[in-house]
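Nothing fancy with the numbering, it's 1 onward along the sequence. All ligand and atom numbering here is 1-based and tracks the order in the structure.
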Amino acid sequence: MSAHSLFPADFLWGAATSAYQIEGSPLADGAGPSIWHEFAHTPGRVHHNETGDVACDHYHRYRDDVALMRELGLNAYRFSVSWSRVLPQGRGPVNRRGLNFYERLVDALLEQGVQPMLTLYHWDLPAALDRLGGWLNPDSAHWFADYARILFRALDDRVKLWVTLNEPWVVVDGGYLHGVLAPGQRNPYAAPIAAHHLLRAHAAAVQAYRAEGRHQIGLVVNLEPKYPATETVEDLNATMRADADFNRHYLDPVFLGSYPPELADIFGAAWPTFPDADLDFIRQPLDFLGINYYSRQVVRHDPGAWPLAVAKVRQDRQTHTGLDWEVYPQGLTDILQWVASRYGALPLYITENGAAFYDPPQAEGEVDDPLRRRYLRDHLCAALAARQNGVNLRGYFAWSLLDNFEWAYGYSQRFGLIHVDYATQQRTFKASARFYAEVIRSHGGVLFTDGAGM
Ligand code: IFM
């Protein structure tokens, strides 16, 4: 591997988090409750009834956490803003103290030479808006654009990379179709409507940004390449359905102005007719696309599996993470190349990539996590392969900076580069963090030397 083919000097090396997962103190300083606050406080919704009340206490420890980023050599950090800290009722009067927290965080990042990438929505809708129907209410697009405008006005002088939504597929699939995530609805009629309003909200925020923003705005989706288990017509069609639901549902409208035709078959009578004008509106030009990649799916036809008639074929001979996600680095190269070929050459970022593994207790001050370190190395090699094949990849954000609240799994799953002792809030670099620091320092060179230690 020659030096010129490694990552360029301006490549963004980051880590990602989200507000509810790390901040704690969700009602501090005048904040309103979010749907995640209410969901986690509903018995039986989250593993061991755990909540984000304390999480990583980042709300109070953000300066120390920024210092850790600096120590790792990160030049970028992706975080999200809690809508209900800024607007406790989701709309109406601004809560200055909530907004000030994000101003202080951004200033701390910039002081340490870390470029912020700010996500406006990472799943924590203000509970007050959910009472008005949440993403099922057509007005949600206006609520979101109004909220986004407040952030643009406060922070566009310092934030150069803006993200509208994080992972709309998860918001819809978990929150409105299967009910395992907030707000906990299980309704096939709701899911396509929530998805459509999320896309309208995304577009409305992009439009608002074009009116007053001076930098870049994009969308973050989670993508998972789908491969057929066999070449039978049934499995090939099932693979197309899975791909339409997971990957094209959100990207086709944004880049091509239409929904994938398979969605009407999947949802049947629950699939509405959407106005053409909405689809024209959703297709706002973007400055970049963020891709969250964790795993792939090998697909077979399963008529009993609601609503997609699709089942995953577990690849028993492969390594799986704590969430039983197959480790499949080649899928990252494949999905990056697929996006570039289907949607064009816009700049791409890997905005999340990482793995939950059990980190066994060790001597104080040490957390060796060889599986996560290997996951990181192999996925960075896969990202580099995509770059070498012409993909316009501009940065990589590991998920996650810190161990944190993994939604319905509570604190049972650790994704962090940095171990968090939840009893003391002590942070400890894992071996994967030290390895990532070396990758950054060497622009990727260490991926191909003995220093990779694998
Ligand atoms: O923790 C989540 C994150 O909030 C969104 N993307 C996937 C991560 C791991 O499940």
* Asked: Identify the closest protein heavy atom to atom 10 (O) of ligand 1: which residue and atom is it, and at what distance?
  -> Glu406 OE2, 2.6 Å

* Structure fact -> ligand 1 to Glu167, heavy atom cutoff 4.0 Å, flagged ligand atoms 5 (C), 6 (N), 7 (C)

* **Asn292 N/O to ligand 1 N/O under 3.5 Å** => no

* So which protein heavy atom does atom 8 (C) of ligand 1 come closest to, and at what separation? -> Tyr294 OH, 3.4 Å

* **Cation-pi check, Arg296 onto Tyr227 ring (under 6.0 Å, within 45° of axis)** => yes

* Under 4.0 Å from any heavy atom of Trp325, which atoms of ligand 1 are there? -> 10 (O)

* Asked: Going by the angle between their ring planes, with limits at 30° and 60°, are Trp162 and Phe152 parallel, tilted or perpendicular?
  -> perpendicular

* Write out the residue and atom name of the closest protein heavy atom to atom 6 (N) of ligand 1, then the distance separating them to 0.1 Å. => Glu352 OE1, 2.5 Å

* To do: Identify the residue among Arg427, Gln413, Lys430 that makes a side chain to side chain donor-acceptor pair (under 3.5 Å) with Asp403.
  => Lys430

* Heteroatom distance test (Asn166, ligand 1): nitrogen or oxygen, under 3.5 angstrom -> no

* Quick check, are the ring centers of Trp143 and Trp83 under 6.0 angstrom apart? -> no

* Asked: Touching ligand 1 at all, His122? Heavy atoms, strictly under 4.0 Å?
  -> yes

* Can you say whether the rings of His178 and Trp306 are parallel (under 30°), tilted (30 to 60°) or perpendicular (over 60°)? -> perpendicular

* Do the ring planes of Phe405 and Trp407 sit parallel (below 30°), tilted (30 to 60°) or perpendicular (above 60°)? -> perpendicular

* Ligand-residue contact atoms, ligand 1 with Trp407, heavy atoms, under 4.0 Å -> 1 (O), 2 (C), 3 (C), 4 (O)

* Backbone N/O of Ala55 and side chain of Tyr20: donor-acceptor pair under 3.5 Å -> no

